Amino acid sequence: MKKGNKLKASFYLSDDVVRVAQDLLGKKLCSHIDGVYTSGIIVETEAYSGRNDKACHAHLGRFTKRTSTMYQKGGTAYIYLCYGIHHLFNVVTNVEGIADAVLVRALMPTEGLDEMHSRVKTKQADYKLCAGPGKLTKALGINKVRNGIYLASSSDTWIENDLDVHASEIVATTRIGIDYAEEDALLPWRFYLKGNKSVSKY
DNA sequence: GGAAGGATGCACT
DNA sequence: GTGCATCCTTCCA
């Protein structure tokens with residue numbers, strides 16, 4: 001498999017998590033797990049900031065064993081379990097000590113579709129295999145064992161450059177499932193590719 | 001040691 | 001479009 005396009009460590013170190021969230025659209029998330037290669041284009045992301053963002057697990061100094069991964073340096077994978085069932089995949093950004101992260105909410109499957117089907121066990125169409133943060137991790141075989149791996153050097157989960165996305169194709173809107181965050185739930189920090197069928201929700 | 005809650009997905013009407 | 005299952009982590013006693 002090719003690895004020449006793997007994103008460099010510097011990509012993740014930006015102090016502007018919202019911009020990184022937009023830049024990740026069109027990139028390819030790849031995994032090589034259990035000897036099987038699967039990948040998909042990132043079509044939907046959300047930005048979370050450790051400072052001044054009530055939606056972030058680590059906001060205002062909330063520091064636990066679970067959130068500690070978010071304080072690591074940009075490029076670290078933060079994977080955690082929601083509702084005891086669903087694994088959610090985040091990309092940590094910024095420098096060590098700042099809990100900024102980008103949640104990857106949806107992919108457009110590109111390679112390894114057969115394996116994704118057998119993992120997800122859904123009757124839905126191919127383009128919906130990764131349409132949702134819980135489903136994309138299952139489709140790629142990612143679970144909390146991968147929590148804390150470093151995407152810029154890992155050989156089993158990484159992100160590559162792929163599509164060039166023009167700013168006009170990116171739609172910014174409010175985030176999902178974080179009503180408890182009060183006014184921060186209204187921030188337009190969710191980004192997706194306009195018209196893409198793999199986006200989880202409009 | 002125990003209780004509460006959660007960045008969802010699926011089945012069903 | 002709507003209702004609810006499901007179980008690990010965190011926090012408090």
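In what follows, chains carry the letters A, B, and so on, assigned in the order in which the sequence lines appear, proteins first and then strands, with residues in each chain numbered from 1. This one's a predicted model, so the numbers in the text were calculated from it and none came from an experiment.
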- Is the NZ or CZ atom of A:R146 positioned over A:F89's six-membered ring, under 6.0 angstrom from the centre and within 45° of the axis? no
- Message: For chain A and DNA chain C, what are the first and last nucleotides along the strand, 5' to 3', with at least one atom under 4.0 angstrom from a heavy atom of the protein chain?
- Response: C:dT6 to C:dC11
- Extract, from 5' to 3' on DNA chain B, the first and final nucleotides lying under 4.0 angstrom from some heavy atom of chain A. B:dG6 to B:dC10
- Message: Check A:E46 with A:R175, please: is the shortest side-chain N to carboxylate O separation under 4.0 Å?
- Response: no
- Drop me the distance from A:K201's NZ to A:T173's OG1, to the nearest 0.5 angstrom. 10.0 Å
- Task: Take atom C1' in B:dG5 and the same atom in C:dC4, then report the distance between them in whole Å.
- Result: 15 Å
- In dot-bracket notation, what is the pairing pattern of DNA chain C, taking Watson-Crick (N1-N3 plus N6-O4 or O6-N4) and G-U wobble (N1-O2 and O6-N3) contacts under 3.5 Å, with [ ] crossing and | for other strands? |||||.||||||.
- Task: Tell me which of A:H86 and A:K144 sits closer to the 5' end of DNA chain C, going by the nucleotide each one is nearest to.
- Result: A:H86
- Item | Cation-pi check, A:K73 onto A:Y150 ring (under 6.0 Å, within 45° of axis) | yes
- Going by number, which of residues 103-123 of chain A have a non-hydrogen atom under 4.0 Å from DNA chain B? A:L103
- Message: Do the side chains of A:E160 and A:K27 get close enough for a salt bridge, i.e. N-O under 4.0 angstrom?
- Response: no
- Message: I want to confirm an ordering. Mapping A:M70 and A:K138 to their closest nucleotides on DNA chain B, which one lands closer to the 5' end?
- Response: A:M70
- Query: Aromatic rings A:Y83 and A:H86: how do their planes relate, parallel, tilted or perpendicular, breaks at 30° and 60°?
  - Reply: perpendicular
Show which side-chain atoms of residues 91-102 of chain A pair as donor or acceptor with protein atoms under 3.5 Å away, not counting sequence neighbours.
| residue | atom | partner | partner atom | Å |
| --- | --- | --- | --- | --- |
| A:N94 | ND2 | A:D100 | OD2 | 3.3 |
| A:D100 | OD1 | A:S49 | OG | 3.2 |
| A:D100 | OD1 | A:G50 | N | 3.0 |

- Return the orientation label for the A:W158 and A:Y37 ring planes: parallel under 30°, perpendicular over 60°, tilted otherwise. parallel
- Task: Not counting sequence neighbours, which residues clear side-chain hydrogen bond (donor to acceptor under 3.5 Å, both in side chains) with A:S31? List them please.
- Result: A:T38
- Message: Could you report the tightest heavy-atom contact between A:V20 and A:F11, atom names first, then the distance?
- Response: CG1-CE2, 3.9 Å
- What are the two closest non-hydrogen atoms of A:L151 and A:T157, and how far apart are they? CD2-O, 3.6 Å
- Task: Select base, sugar-phosphate, or nothing to describe what A:I85 touches, counting heavy atoms under 4.0 Å on all strands.
- Result: base
- Give the intermediate values and the outcome of side chain to side chain donor-acceptor pair (under 3.5 Å) for residues A:D126 and A:H117. CA-CA 8 Å; A:D126 290 349; A:H117 268 295; 2.6 Å; yes
- Provide the closest heavy-atom pair for A:I178 versus A:A185 in the form atom of the first, atom of the second, distance. O-CB, 3.6 Å
